[in-house]
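Following: one structure in structure tokens, then a few remarks.
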Amino acid sequence: MEFFDVLNKRYSCRSFSPDQVEKIKLEAILESARIAPTAGNRQPVRIKVLDNEQLLSKAEETTRCRYGSQLMLLVCYDTSLHWVHPASGQDSGFTDSSIIGSYMMLTAESLGLNTLWVLAFDAAKAKEAFELGDNIVPAFYIVVGYPGPGAAPNQRHSERISMEQLLI
């Protein structure tokens with residue numbers, strides 16, 4: 001699949017089939033995360049793979065956005081590793097996580113899978129449920145899987161601002 005085809009085809013899926021994602025596809029998604037850029041190449045992102053009913057049930061205690069998927073990725077970052085801008089104090093943890101999340105979603109799309117980026121979750125509950133260390137901050141979930149019944153882009157999916165509006 002051509003790169004711009006991947007970009008244009010990807011949408012936020014809210015209906016997943018019960019089919020399992022093949023291990024080789026999951027490995028490719030995780031490899032794309034491993035090679036993604038991070039600030040100062042500090043590589044602070046950590047990912048919890050949720051691929052069985054016990055783990056997925058724990059995720060459902062923190063978000064209602066599973067939508068039937070058999071695979072979720074909890075994307076986190078380690079505050080002992082992220083880069084902090086010396087002047088502003090802004091840290092790179094969420095930005096690094098977002099870059100890696102984008103890489104994983106586009107890789108999944110190129111493999112025929114659908115995804116959903118989930119910020120609507122209780123991070124404190126996720127931290128507790130998955131026994132994440134003191135330095136680990138849950139940033140978001142990515143739901144991954146094959147499209148289920150009625151899976152389609154949101155009606156606003158194709159609405160885009162003009163190039164003139166984009167550029168300042």
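Since this is a predicted model, take the numbers as computed values, not measurements. As a basis for the values below, the full set of heavy atoms in this structure was taken, side chains included, without hydrogen atoms, waters or symmetry mates.
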Without hydrogens or angle criteria, can the side chains of Arg10 and Thr115 be said to hold a donor-acceptor pair below 3.5 Å? yes

Ring centroids only, cut at 6.0 angstrom: are Phe121 and Tyr141 within range, meaning strictly under it? yes

Give, for atom CG of Leu30 and atom NZ of Lys25, the distance between the pair rounded to the nearest 0.5 Å. 14.5 Å

Out of curiosity, Leu50 CG to Leu73 CG, how far, rounded to the nearest 0.5 Å? 7.0 Å

OG (Ser92) and NE2 (His82) are apart, to the nearest 0.5 Å, by 6.0 Å

Counting only heavy atoms not in Gln165 (residues, nucleotides, ligands), do more than 12 fall under 6.0 Å from its CD? yes

Just wondering, are more than 12 heavy atoms of other shown residues or ligands nearer than 6.0 Å to CD1 in Ile24? no

Between Ala139 and Leu119, the two heavy atoms sitting closest are O-CD2, 3.6 Å

Same hydrophobic cluster for Trp83 and Phe94, using side-chain heavy-atom links shorter than 4.5 Å among ILVMFWY? no

According to the interplanar angle, ranging from 0 to 90°, do the rings of Phe140 and Trp117 count as parallel (below 30°), tilted (30 to 60°) or perpendicular (above 60°)? parallel

Are Ile99 and Ile47 connected in a single hydrophobic cluster, I mean Ile/Leu/Val/Met/Phe/Trp/Tyr linked by side-chain heavy atoms less than 4.5 Å apart? no

Taking CD in Glu22 as the centre, count heavy atoms belonging to other residues, nucleotides or ligands within less than 6.0 Å. Is the count above 12? yes

For a side chain to side chain contact (heavy atoms under 4.5 Å, CB included) check, start with the C-alpha distance between Val137 and Cys76, then their side-chain angles and the critical distance, and finish with the verdict. CA-CA 5 Å; Val137 176; Cys76 308; 5.9 Å; no

Indicate the atoms forming the closest heavy-atom contact of Pro138 with Leu74, along with that distance. CB-CD1, 4.1 Å

N/O donor-acceptor pair under 3.5 Å between Ser12 side chain and Leu116 backbone: no

Roughly how far, to the nearest 0.5 Å, is the CG atom of Leu111 from the OH atom of Tyr146? 8.0 Å

Whether the side chain of Glu128 engages the backbone of Lys125 through a donor-acceptor N/O pair (distance < 3.5 Å, no angle test) should be reported. no

Got a second to check how far Ser110's OG is from Lys9's NZ, nearest 0.5 Å? 10.0 Å

Could you tell me which residues satisfy side chain to side chain contact (heavy atoms under 4.5 Å, CB included) with Thr38, sequence neighbours excluded, listed by chain and number? Asn41, Gln43, Pro44, Asp96, Ile100

Would you indicate whether Glu27, at its atom CD, is surrounded by more than 12 heavy atoms from other residues, nucleotides or ligands within a distance under 6.0 Å? yes

Taking atom CZ of Arg160 as the centre, does the number of heavy atoms from other residues, nucleotides or ligands within less than 6.0 Å exceed 12? yes

Under a 4.5 Å cut-off applied to non-hydrogen side-chain atoms, are Val49 and Met72 in contact? no

Could you give me the CA-CA distance, side-chain angles and deciding distance for Val144 and Met104, then say whether side chain to side chain contact (heavy atoms under 4.5 Å, CB included) is met? CA-CA 10 Å; Val144 183; Met104 290 193 297; over 6 Å; no

Is the shortest side-chain N to carboxylate O distance from Glu61 to Lys58 below 4.0 Å? no

When you measure from the side chain of Thr63 to the backbone N and O of Glu60, does any donor-acceptor pair fall under 3.5 Å? no

Hey, are Glu31 and Arg34 close enough for a salt bridge, meaning a charged N less than 4.0 Å from a carboxylate O? yes

Can you name the nearest heavy-atom pair linking Lys48 to Phe130, along with the distance? CE-CD2, 4.1 Å

Which heavy atom of Arg66 sits nearest to which heavy atom of Val143, and what is that distance? O-CG1, 3.5 Å

So which heavy atom on Gly133 is nearest to which on Lys127, and how close? O-NZ, 2.6 Å

Go through it in stages, so that I can follow the logic: the residues are Tyr77 and Asp91, the test is side chain to side chain contact (heavy atoms under 4.5 Å, CB included), and I'd like the CA-CA distance, side-chain angles, deciding distance and then a yes or no. CA-CA 11 Å; Tyr77 62 92; Asp91 75 74; 4.2 Å; yes

Scan side-chain atoms only and decide if Asn114 and Tyr11 contain a donor-acceptor pair under the 3.5 Å cut-off. yes

The side chain to side chain contact (heavy atoms under 4.5 Å, CB included) partner of Arg46 among Asn135, Val75, Leu132, Leu81 is Leu81

Using the side chain to side chain contact (heavy atoms under 4.5 Å, CB included) rule, take Leu113 and Ile29 through it: C-alpha gap first, then chi angles, then the decisive distance, then the call. CA-CA 10 Å; Leu113 298 166; Ile29 292 166; 3.9 Å; yes

Nearest 0.5 Å please: distance from the OG atom of Ser97 over to the CD1 atom of Ile142. 9.5 Å

For the student: nearest non-hydrogen atoms of Asn52 and Leu55, plus distance: OD1-N, 2.9 Å

Donor-acceptor under 3.5 Å (Glu131 side chain, Ala129 main chain): no

